[in-house]
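Contents: one structure, followed by commentary.
Please read all numbers here as calculations on a predicted model, not as lab measurements.
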Amino acid sequence: MAPAGKVTGFHKEGSDWFCNAGLPSDITVVVDGIKFHLHKFPLVSKCGKIARICEESSEKAFIAAFEEFPGGPDTFLIAVKFCYGLRVELTPRNIVILYCAADYLQMTDEYGEDNLLSKSENFFHKNVLHNWKDCILALQSSDPVIARAEKLQIISKCLSSLSMMVCTDPSLFGWPMMMYGSLQSPGGSILWNGINTGARIQSVESDWWFEDISYLSVGLFERLIYTMETRGLRPEILVGAIMYYARKHLPGLGRWQSGQSWKTRTFASFSLTPAVVDQKVLIETIEKLLPEKKGKSFCCFLLGLLRVALILGVSQMCKDSLERRVGMQLEVATLDSLLIPAYSDSDTLYNVDCVERIIHHFMASESRITLFSPSSLDLETSPSSEPLRKVAKLIDNYIAEVASDIHLKPRKIRSLAEALPESSRPLHDGLYRALDIYFKAHPWLSEKEKEELCNTIDYQKLSIDACAHASQNARLPLRVALQVLFFEQMQLRTALAGCLHVMDTESAPAGPIPRDMLGQIVQRDGWRTVVQVNQVLKVDMDNMRSRVGELEEEFSKIKQEMKRVTKSHSSLSSPRLVARKIGCKLVPRSSYAEPDTVDITGPTPRASVEQAHRPHHSRHWKSFPMF
């Protein structure tokens with residue numbers, strides 16, 4: 001009987017392995033310095049490689065050394081147990097290594113029916129490729145034998161299977177569907193041993209697989225992303241997976257992206273061993289995988305990636321590519337993400353040179369867009385100028401933030417300020433504020449250096465508030481302060497002249513000036529208060545003029561009537577005439593309505609009173625004329 005029938009197991013003595021067959025060993029196999037004292041018959045009957053070695057050797061007992069054996073001594077021990085007829089368990093964690101070991105030992109069906117190679121192949125195709133978690137586990141365990149696994153197409157088949165499951169709607173797999181080792185009923189509840197547990201599963205989201213593939217090595221992750229891209233997976237989903245992978249293996253990214261929320265998805269049904277990742281290789285790989293995409297969160301991610309790249313010292317090509325990517329979407333960047341510290345031996349706190357290069361990349365991209373834009377002829381109103389204005393505001397705030405660094409040279413400030421064209425800044429208030437902060441933090445600057453920096457400011461583009469502040473700013477050179485005062489007076493005269501012109505030429509004197517006319521007259525917010533005050537004063541003056549005119553007409557009429565009263569001898573008509581001219585109404589009486597019936601011999605009391613007082617009133621108007 002062959003020794004394999006008597007084997008009960010293996011035991012280890014020191015660093016050597018021995019078979020419990022009770023027979024002396026006639027072949028010794030050395031794997032990575034570990035000796036296995038075995039027997040020829042069970043090995044030759046299963047392994048084609050060992051069979052050829054035995055045919056070539058004429059010695060009864062010999063030593064065979066296997067260099068670079070797939071999986072090392074542990075995997076070889078499993079293969080030996082299979083040769084001796086012992087039970088061997090195939091799992092997703094060891095299937096790839098055993099598959100490669102069986103191929104290395106040439107354990108085909110030619111040397112025994114249902115040999116280890118065919119068993120491994122069947123298990124891999126029937127069990128591993130149809131299950132998400134088993135594919136992940138198989139790929140993760142394939143790193144030690146990646147070259148031979150590639151040759152056997154194990155890696156490509158796993159990647160293709162994973163990409164198919166990601167790109168396909170999970171509902172198309174039918175029921176029951178195996179996901180994470182649990183069966184789902186048609187109602188959506190989880191089954192355990194065929195029994196409905198009542199537990200409801202959560203709806204499948206597009207990022208359910210991000211966490212699982214983050215346990216793969218960088219090389220396998222890169223190949224998986226390319227495979228998914230080939231299958232037509234949407235770019236935004238791929239970008240999400242790449243960003244998730246980078247954040248997990250580059251902890252520094254989360255430190256600079258506190259505002260960006262991202263959650264880790266874990267599944268307790270199976271545990272994975274975290275991959276050992278070379279961060280420098282990871283950044284260079286991530287940079288190649290990222291598509292040409294724009295967005296605020298994506299730009300912040302790129303700037304965080306650039307920070308880590310500068311710390312780790314990646315290749316210059318990778319850094320240049322990241323700076324170019326950031327420059328192409330600089331208008332959506334934030335100030336916090338743009339404040340990149342200087343990690344080299346530089347004395348400055350922030351990496352100003354990097355930001356300047358990013359600005360140049362932005363201008364290069366904008367020039368290409370403007371070149372083919374029909375609306376580029378009018379830089380002030382064209383849509384393409386909006387990103388330029390946003391970047392100008394961002395850079396002004398950046399200069400103001402870094403200006404307090406005492407080691408920052410004036411030429412660096414000037415280079416940043418002049419990196420953008422003049423048309424990018426409708427107002428120069430932000431640039432003036434940044435230079436004022438710089439002058440305050442660097443009081444030792446000479447007048448010449450200050451004047452050179454102030455030459456970057458267009459004083460005609462300063463608001464009324466900025467002009468007022470600059471004219472009284474003792475930190476500015478005297479020549480600059482005088483220029484500011486001159487342009488301030490020019491602006492004031494222009495604005496007031498425009499207001500007076502509108503006041504003189506408007507058709508409705510009492511009507512208020514429309515808002516759109518005010519916007520045409522005065523372009524700056526600082527002059528709106530002056531215009532509004534002038535408008536109110538004008539309306540008040542017009543109302544007063546009209547009122548005075550009415551009073552003059554009324555007094556003139558009264559004067560004329562009073563003159564007529566003094567000359568008139570009719571005692572009945574004079575009061576009524578005066579009252580009617582003045583605008584008063586008298587209650588009609590029978591004596592006034594029918595004068596023919598009045599008793600002349602018996603005058604009424606009212607007539608006597610009028611006769612008694614008429615001379616007095618006449619003397620009064622003559623003695624005190626109104627006009």
Inset, instruction - Answer yes or no for K461 and Y432: cation-pi contact, defined as NZ/CZ to six-membered ring centre under 6.0 Å and angle to ring axis within 45°. - result: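 Cation-pi check for K461 and Y432: fails.
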Legend entry - R324, CZ: over 12 other non-hydrogen atoms inside 6.0 angstrom: yes
Legend entry - Heavy-atom neighbours of E356 CD exceed 12 at 6.0 Å: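 Atom CD in E356 is packed in, count exceeds 12.
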Inset, instruction - Please check if the side chain of S161 supplies one atom and the backbone of C158 the other of a donor-acceptor pair under 3.5 Å. - result: no
Inset, instruction - Evaluate the criterion side-chain contact (heavy atoms from CB on, under 4.5 Å) for residue pair Y244 and D207; output intermediate values, then yes/no. - result: CA-CA 10 Å; Y244 191 100; D207 59 347; over 6 Å; no
Legend entry - Euclidean distance, I155 CD1 relative to L224 CG, rounded to 0.5 Å: 11.0 Å
Inset, instruction - To the nearest 0.5 angstrom, please state how far the NZ atom of K393 sits from the CG atom of L335. - result: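 If I round to the nearest 0.5 Å, the distance is 11.5 Å.
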Legend entry - Partners passing salt bridge (Lys or Arg N to Asp or Glu O under 4.0 Å) against K319 (at least two apart in sequence or in another chain):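 Listed in chain order: nothing, the list is empty.
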Inset, instruction - Could you tell me whether D396 and R425 have a side-chain N and a carboxylate O separated by less than 4.0 Å? - result: yes
Inset, instruction - Indicate yes or no: does E287 engage R325 in a salt bridge with an N to O separation below 4.0 Å. - result: yes
Legend entry - Listed partners of Y104 passing ring pair (Phe, Tyr, Trp, His ring centres under 6.0 Å), at least two apart: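 Residues passing ring pair (Phe, Tyr, Trp, His ring centres under 6.0 Å) with Y104: F66, F69.
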Inset, instruction - Using side-chain hydrogen bond (donor to acceptor under 3.5 Å, both in side chains) as the criterion, list what pairs up with T91, not counting sequence neighbours. - result: N94
